[in-house]
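Presented below is the structure to which this report refers.
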Amino acid sequence: MKSADYPLAVSKARPSVVRELVVQYKVGKFTACARTEACFDQFLEQVREAAIEVLRNPVRLLMLPHLHNSIARRIPSLSDASRVLLEGFVSELIIRGDLQRVSTVSKDFESYQAVYSDQTHTMIVESLSKLRERILSSKSISVSAAARIIPRALAASEQNVHILMGVLVYRGLATTDAAPGVGFDTLRVPFAPPRL
Amino acid sequence: MLLLGCNATVLREAGPVPVEELRAGDGVLCLQRGIPTFVPVEEVRIAQSKTAVWVYTDAGDLVVGSDSAIVTAAGLRLGVELAAMRDKQAIGRMQGGWPRLEILSARVPVYEMCDRNCQEAFQENSRSRLLSLGRITQSGLDVVRVGSHSRTVLDRFAQFVLGKECTLEPGPAGWTWLRTTDSPRTHKQVEAGQDGAAGCALTLWQAIEEGEAYRLPLEDEALRIHTLGVLYYCGVSFETEYRPRYMPLHIDLSLAQQRAPHAQIQAIRLLSECALVDVRLAERGCYLVANGLLCGL
């Protein structure tokens with residue numbers, strides 16, 4: 001796809017350029033314009049391919065702003081007026097099921113969404129199930145122990161492991177004795193002895 | 001043919017129940033010529049995995065088969081028709097020209113339509129259902145996950161649902177846990193009444209505003225659907241907000257003074273494979289109330 005065919009956010013593009021682009025869609029929070037309807041479909045496909053590459057090679061769970069930045073780096077000659085549309089196109093990929101999300105917690109126990117490829121969905125669900133079983137049987141689990149029981153492709157990044165463990169905290173299935181902002185090394189089931 | 005998601009909840013005289021637990025002969029709440037009536041179920045069977053549509057509204061959500069009908073202000077609409085109404089020129093946005101959906105009116109609380117025996121059965125069913133939905137441990141002492149509510153709210157929950165003395169551990173991310181102690185039962189299990197039963201169901205949700213607004217992750221499907229069923233059964237008015245709107249991850253529920261007469265669709269999702277339950281009633285010409293929404297048969 002040529003960069004001249006990328007959709008542009010009307011509010012971010014030069015008026016003289018916008019006048020040339022006759023097809024208007026809503027994309028996320030922006031009104032976007034392009035030469036043809038097909039330009040929107042082609043750009044969506046380009047965003048999809050970039051997103052899958054980011055999330056699959058290696059396997060990653062990413063928060064949305066990080067995913068948008070990584071996709072932007074993979075699309076050649078992306079202007080700011082097109083870049084701001086990435087959020088809307090990624091949302092569309094989530095609606096279509098190409099990308100999946102899971103809610104987790106940050107070091108401050110604030111919830112956020114981590115995005116991953118639909119192709120790793122089964123791996124993520126099974127890993128969460130394993131972590132849950134282990135914490136119930138052992139009463140606690142460390143980051144290093146968690147990394148050993150989930151698939152290597154997923155455990156290669158410690159951030160992935162933290163995100164998955166954070167899912168258990170978000171869902172109220174596990175707790176931690178770490179102070180907010182510090183980050184946890186271990187989770188435990190409620191009422192188990194503290195792990196400091 | 002009416003295909004519903006396995007966790008869809010219908011209302012019996014003894015309270016809400018997932019459709020997959022229905023048996024032939026059970027009476028379920030329907031609207032027959034606009035009048036709430038309990039109609040016997042003729043047959044319930046698990047259907048093969050099929051495409052379905054997940055409809056999120058401001059009065060709860062429901063999974064229906066693509067070819068099953070929901071009652072709207074503009075007549076019956078198939079799930080697939082509602083999905084097709086999403087605006088295709090709105091990328092990454094959830095908007096469409098959806099008709100409003102018919103819902104069960106709060107004017108006649110189902111609880112008050114039922115006799116004393118059914119009300120007592122509802123109380124007992126609520127107790128065991130809430131305990132099983134809140135319990136997070138598989139064996140040993142019960143550990144129940146609740147929202148971080150006030151001590152008064154948690155004590156009422158412990159008294160009604162657990163009937164035992166509890167210790168409490170506050171946790172991060174809006175959760176608290178209750179654990180029954182080894183001591184012999186010290187609370188007499190009380191009858192909570194319809195408001196109390198609804199309040200206890202909401203105690204399992206996170207508190208956003210004490211006594212007014214609640215939140216639950218969307219993956220807690222059984223708890224969400226059961227709670228909505230209890231609220232409909234008890235005639236408690238509420239509004240739901242599914243967030244983020246383009247594809248929800250959690251639900252916010254706020255208690256309202258009055259239930260709106262119709263539901264507005266907030267989001268819709270096509271499911272390529274979904275376990276569904278086929279429900280057939282012994283009578284024709286009535287609309288089944290599932291998750292508070294009216295479904296055509």
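Note that the structure is a prediction, hence the values are computed from the model and not measured.
Applying the ring-ring contact (aromatic ring centres under 6.0 Å, His included) test to A:His121 and every residue at least two apart in sequence or in another chain returns A:Tyr116.
Chain B forms the most heavy-atom pairs under 4.5 Å with one residue out of A:Tyr25, A:Phe109, A:Phe191, and that residue is A:Phe191. For chain A, the option among B:Leu270, B:Asp87, B:Thr167, B:Asp220 with the highest count of heavy-atom pairs below 4.5 Å is B:Thr167. Of the residues considered (A:Val27, A:Ile95, A:Val23, A:Leu173), A:Ile95 shows the highest number of contacts with chain B, using heavy-atom pairs under 4.5 Å.
At a 4.5 Å heavy-atom cutoff, the contact between A:Val105 and chain B is made by side-chain atoms alone. Within the 4.5 angstrom heavy-atom criterion, only backbone atoms of B:Leu178 (N, CA, C, O) approach chain A. Looking at B:Leu271, there are no atoms closer than 4.5 Å to chain A (heavy atoms on both sides), in backbone or side chain. Neither the backbone nor the side chain of A:Arg96 comes within contact range of chain B; no heavy atom of the residue lies under 4.5 Å from a heavy atom of that chain. Heavy-atom distances place both the backbone and the side chain of A:Thr175 under 4.5 Å from chain B.
Within residues 32-53 of chain A, the residues having any heavy atom closer than 4.5 Å to a heavy atom of chain B are A:Glu37, A:Phe40, listed by residue number. Contacts from residues 59-67 of chain B to chain A, taken as heavy-atom pairs separated by less than 4.5 Å, involve no residues at all. Contact annotation for residues 88-101 of chain B against chain A (heavy-atom separation below 4.5 Å, listed by residue number): B:Lys88, B:Gln89, B:Ala90, B:Ile91, B:Gly92, B:Arg93, B:Met94.
Between the side chain of B:Trp177 and the backbone N or O of A:Ala174 there is no donor-acceptor pair closer than 3.5 Å.
Counted within 6.0 Å of CD on B:Glu169, heavy atoms from surrounding residues, nucleotides or ligands total more than 12; the atom is thus considered enclosed.
Atom CD of B:Gln206 and atom OG of A:Ser111 lie 8.0 Å apart (nearest 0.5 Å). Of the inter-residue distances, the one linking A:Leu93 atom CG with B:Met247 atom CE reads 12.0 Å to the nearest 0.5 angstrom. Interatomic distance, A:Arg171 CZ to B:Ile136 CD1, rounded to the nearest 0.5 Å: 13.0 Å.
Closest heavy-atom contact between A:Tyr170 and B:Trp175: O-NE1, 2.8 Å.
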